[in-house]
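Every number for a ligand or one of its atoms is a count from 1 in the order of the listing. Model, not experiment: these values are computed from the prediction.
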Amino acid sequence: MEEGRMESLMQSWDGEFVVSRHDAPTGAWIFISVHSTRRGPAGGGTRMKVYERPADALLDGQKLAASMTRKFAVAGMPYGGAKAVICLPKDFDAAGRDDLLRRYGELVRNLGGIYFTGPDVGTSSADMDLLSDIAGALVFGKSPAKGGLSDSGAITAAGVFAGCEVVAEQLFGSLSLQGRSVVVQGAGNVGGPLVRRLLAAGAMVSASDVNTAALDALGKHDSLKILRTEEVLKTPCDIFAPCALGGVLNEQTAASLPCKGISGAANNQLASEEAGNILQQRGVLYAPDFVVNLGGAMGLVSIETKGWAVPKAEQAVMDRVRVALREVFAIAAKQGCTTNQAAEEFAYLEAVAS
Ligand code: PPY
């Protein structure tokens, strides 16, 4: 079964190329998947985690890179999509982490500007500082001391919040989230600031996280309820906001989720095309992930290349998500296709238009 999986992943991918490296000192695999350089240099965060097999890491990177191409197109920015995945061995010795990152940084530098990066699952702004010492301006999301924005969670959350508003507008005729119930899965980097925004807008929020410290950090609020992780997919709500890992919308959950709409921060939420069809058939309005979560990439890159102040970037992200998502819903309604297909078409049209 497993034999030839890497080959078939390479053969069936629609992206440009993958730079791969086995890091002998640590046993880690590095895959930099460059999906498209058609609009400009390809950007995407650096994800670092343990995978069952290197091929799983390659597939994850390929899908995430394709999604980055769409994000930058929808954001109207002159970049293509990429993603780096550093696949750690199960017995990884954290003492070797900085040296591994330095070798990865050299690889990014040696690619000569075709690929730029930032933080993702498993990497931090401190890691970006270390990388930027080697790969310079190809690294975004550095700490403020190094001239970076550091954490893009809040700006990503602003875009996801705008996505929730547009979903409410489609479902109920008003952007207002006052009194609407929202279940937020994952209260970390993006989910945390999203919960705060939703509460400030008068929503009734239920949140969960595998990490209790993230839940504690939310504090107490009359309209905030904490859910056990096993309750998340069973709790009736107006809007479900997946802000943890991808693949949460599979054929089973799509058929049973007790929500009216979906707008969340996680990448690659749809486990299959069929899951999108099932949501459509049930009348559950799905706001495509790469439309509503483009704020991290758009925010970080705008702030760090154009010198925009944070509030300006936040407003630009929210405006962009609102305009794009309304257009995506209009395309889906007109063509009778899923919102995900409509968003892919929209991203494609944006990409060829500019
Ligand atoms: C993402 O949105 O998933 C990213 O990877 C964000 C990103 C992309 C490029 C540079 C910095 C951050």
Quiz question: by atom type and distance under 3.5 Å, do the side chains of Asp129 and Ser143 form a donor-acceptor pair? yes
Of all the non-hydrogen atoms in the protein, which one sits nearest to atom 3 (O) of ligand 1, and at what distance? Lys83 NZ, 2.7 Å
Would you say Gly44 touches ligand 1, if touching means a heavy atom closer than 4.0 Å? yes
Distance-only donor-acceptor check, side chains Asp120 and Thr123, under 3.5 Å: no
The atoms of ligand 1 lying under 4.0 Å from a heavy atom of Leu300, numbered in the order shown, are 11 (C), 12 (C)
Judging by distance only, is a nitrogen or oxygen of Gly45 under 3.5 angstrom from one on ligand 1? yes
Here's a test for you: under side chain to side chain contact (heavy atoms under 4.5 Å, CB included), which of Leu198, Asp289, Leu194, Val184 qualifies with Val160? Leu194
Just let me know how Thr156 lines up against ligand 1, side chain, backbone, both or neither, with a heavy-atom cut-off below 4.0 Å. neither
Which one of Thr253, Leu270, Asn340 satisfies the side chain to side chain contact (heavy atoms under 4.5 Å, CB included) criterion with Leu279? Leu270
So if I count the atoms of ligand 1 from 1 in the order they appear, which ones are less than 4.0 Å from some heavy atom of Lys71? 1 (C), 2 (O), 3 (O)
State whether the number of non-hydrogen atoms from other residues, nucleotides or ligands found under 6.0 Å of Lys306 atom NZ is greater than 12. yes
Please report which non-hydrogen protein atom sits nearest to atom 11 (C) of ligand 1, along with the residue it belongs to and the distance in Å to one decimal place. Gly118 CA, 3.7 Å
Any luck finding a side-chain donor-acceptor pair between Thr338 and Gln341 under 3.5 Å? yes
List every atom of ligand 1 that sits less than 4.0 Å from any heavy atom of Asp120, numbering the atoms from 1 in the order shown and giving each element. 3 (O), 5 (O)
Provide the number and element of each atom of ligand 1 under 4.0 Å from a heavy atom of Asn267. 3 (O)
So, Asn277 and Gln280: side-chain donor and acceptor under 3.5 Å apart, yes or no? no
